[in-house]
**Q** 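Handing you this structure, nothing more for now.
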Amino acid sequence: MTAYSLGSLLYEGKAKRVYATDQPEVVAVEYKDDATAFNALKKAQLAGKGELNCRISALLFEHLASRGVPTHYLGVGGERWMLCRPVRVIPVEVVIRNIAAGSLCKQMPIEPGTALEPPLLDLYYKDDAYGDPLLTEARLEHLGLVTPQQRRRLEDLARQVNRELLALFGSLGLQLVDFKIELGFTTTGELVVADEISPDTCRLWDRGVADAQDRILDKDRFRQDLGGVVEAYGEVLKRVQGACPEPRVYG
Ligand code: TMP
Ligand code: ASP
């Protein structure tokens, strides 16, 4: 039984499509098998990735909600479908880094693997045409994307997400190196975590594996041509399922 019917395509991103439904307060998000990196310079189809990311995101959103973090998530639909509240996404990517990796080490004299305490919070302007550049406080203010008060709330929420995910993944033998989240406003003006939280948007290392490449269980496997991308995502789902029950089915 489906509790909704699909309406028109509202938005298509690199990894997901968002559709209207017959319910004004519900959108349907389809997770695609498309993988992209380096602002879509590198592309592939990875069979099964959409379903894995949908499941992982659903379980993580449910976990966050249970810990008091507001999200857009309502429940899962079919294998690659998630039902969410419609959200006006703020075009700011919030990245929290617990361990130095990725772009940070390319742009700064910071050794990969350095522990970052307190965790580093970076804001990027979400716009592929500009290559998602790092935002300064002055640029953020100039663009008027958020008020200072909204910015504080956004950063507080991101840090709360980090604390909750660090604890959860830590208990599953996974090291949360860094992650990106997007936030937005619901139709009632509530600031919520939106988009997805998955191995596409987090760096996750297997604590039980010493080898610097073998331990990678996230999209870096794709970015660095390490192979075994879907298998790594499957391992992340298996671990998360160890802590969180099956995702709730919407409707
Ligand atoms: P970075 O080291 O490339 O800046 O990435 C930091 C984190 O953000 C990493 O966990 C991957 C994630 N991320 C995205 O989810 N989308 C993106 O477009 C980029 C560049 C990074
Ligand atoms: N998400 C970005 C892209 O699709 C960059 C990345 O994740 O590496 O190109």
Side-chain angles (χ1 to χ4, degrees), residues 11-18 29 31-46 49-50 52-54 56-57 60-61 64 71-72 89-116 119-136 154-155 157-159 161-162 164-166 168-170 174-184 193-206 212 215-226 229-230 232-233 236 240:
Y11 170 82
E12 177 157 8
K14 295 194 286 286
K16 295 184 293 299
R17 294 186 190 94
V18 181
V29 181
Y31 282 67
K32 300 193 283 187
D33 282 342
D34 301 22
T36 67
F38 313 117
N39 204 5
L41 282 176
K42 181 174 174 141
K43 292 186 200 172
Q45 281 278 313
L46 299 174
K49 182 183 84 90
L52 287 164
N53 277 354
C54 182
I56 294 166
S57 285
L60 295 177
F61 281 136
L64 289 173
T71 84
H72 68 156
V89 174
I90 303 164
V92 170
E93 300 193 342
V94 186
V95 170
I96 295 207
R97 303 173 190 274
N98 297 301
I99 297 172
S103 69
L104 181 69
C105 303
K106 294 203 178 83
Q107 295 166 355
M108 303 281 150
I110 303 177
E111 272 299 300
T114 307
L116 302 165
L120 210 65
L121 187 152
D122 287 325
L123 303 180
Y124 295 84
Y125 179 47
K126 180 181 161 66
D127 190 326
D128 286 342
Y130 292 95
D132 296 345
L134 186 64
L135 276 165
T136 62
L154 179 143
E155 294 192 0
L157 268 178
R159 291 194 189 280
V161 169
N162 187 44
E164 296 300 344
L165 293 185
L166 267 178
L168 175 71
F169 286 129
L174 295 171
Q175 196 158 27
L176 178 62
V177 175
D178 57 28
F179 66 93
K180 179 267 302 183
I181 54 170
E182 295 176 25
L183 299 101
V193 179
D195 192 50
E196 69 178 280
I197 307 179
S198 74
D200 268 11
T201 62
C202 302
R203 284 197 173 90
L204 292 164
W205 293 347
D206 189 342
R215 69 183 174 188
I216 295 172
L217 295 176
D218 58 68
K219 196 158 98 174
D220 273 350
R221 297 205 73 81
F222 174 66
R223 295 189 187 98
Q224 298 173 27
D225 288 320
L226 299 177
V229 183
V230 172
Y233 285 32
V236 172
V240 174

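Read the numbers this way: they start at 1 and go in the same order the structure lists the ligands and their atoms. Starting from 1, each residue takes its place in the sequence as its number. Computed from a prediction, not measured in an experiment: that's the story for all the values here.
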**Q** Can you report which non-hydrogen protein atom sits closest to atom 11 (C) of ligand 1, along with the distance?
**A** R223 NH2, 3.6 Å
**Q** Heavy-atom pairs closer than 4.0 Å: do any link ligand 1 to the side chain of D200, the backbone, both, or neither?
**A** backbone
**Q** Is V177 close enough to touch ligand 1? Criterion: a residue heavy atom under 4.0 Å from a ligand atom.
**A** no
**Q** Is there a side-chain contact between E182 and T201 (heavy atoms, below 4.5 Å)?
**A** no
**Q** Below the 3.5 angstrom mark, is there an N/O of D200, backbone or side chain, next to an N/O of ligand 2?
**A**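 For ligand 2, there is no N or O atom that lies under 3.5 Å from one belonging to D200.
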**Q** Report the nearest protein non-hydrogen atom to atom 5 (O) of ligand 1: residue, atom name, distance rounded to 0.1 Å.
**A** R203 NH1, 3.5 Å
**Q** Quick test: of every protein heavy atom, which one is nearest to atom 10 (O) of ligand 1, and how far off is it to 0.1 Å?
**A** D178 OD1, 2.6 Å
**Q** Give, for atom NZ of K16 and atom OG of S57, the distance between the pair rounded to the nearest 0.5 Å.
**A**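 Rounded to the nearest 0.5 Å, the NZ-OG separation comes out at 7.0 Å.
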**Q** List every atom of ligand 1 that sits less than 4.0 Å from any heavy atom of G102, numbering the atoms from 1 in the order shown and giving each element.
**A** 2 (O)
**Q** Could you check N98, V95, L104 and say which one makes a side-chain contact (heavy atoms from CB on, under 4.5 Å) with L120?
**A** L104
**Q** Tell me whether ligand 1 is touched by K219 - counting only heavy atoms on the residue side and a distance under 4.0 Å.
**A** no
**Q** Where is the tightest heavy-atom contact between P119 and R159, given as atom of each residue plus distance?
**A**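 Taking P119 first and R159 second, the nearest heavy atoms are O-NH1, 3.3 Å.
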**Q** Tell me: protein heavy atom nearest atom 1 (P) of ligand 1, and distance?
**A**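 Checked against all protein heavy atoms, atom 1 (P) of ligand 1 sits closest to S103 OG, 3.3 Å.
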**Q** Closest non-hydrogen protein atom to atom 16 (N) of ligand 1, residue and atom name please, with distance?
**A**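 That would be K180 CE, 3.7 Å.
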**Q** Is it the side chain (CB and beyond), the backbone, both or neither of V95 that lies under 4.0 Å from ligand 1, heavy atoms counted?
**A** side chain
**Q** Please say whether the positively charged group of K42, taken as NZ for Lys or CZ for Arg, lies over the ring of F222, i.e. under 6.0 angstrom from the six-membered ring centre and within 45 degrees of the axis.
**A**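 Judged by the rule (NZ or CZ under 6.0 Å from the ring centre, within 45° of its axis), K42 counts as positioned above F222.
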**Q** For K42, which part has a heavy atom under 4.0 Å from ligand 2: side chain, backbone, both, or neither?
**A**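 Neither; no heavy atom under 4.0 Å.
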**Q** Answer yes if a protein heavy atom lies under 4.0 Å from atom 7 (C) of ligand 1, otherwise answer no.
**A** yes
**Q** Atom OH of Y31 and atom CD of E196: how far apart are they, to the nearest 0.5 Å?
**A** 5.0 Å
**Q** Going by the closest heavy atom to atom 17 (C) of ligand 1, which one wins out of Q107, E93, E182?
**A** E93
**Q** Under a plain distance cut-off of 3.5 Å, with no hydrogens placed, do R97 and T114 share a side-chain donor-acceptor pair?
**A**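 Absent: no donor and acceptor within the cut-off.
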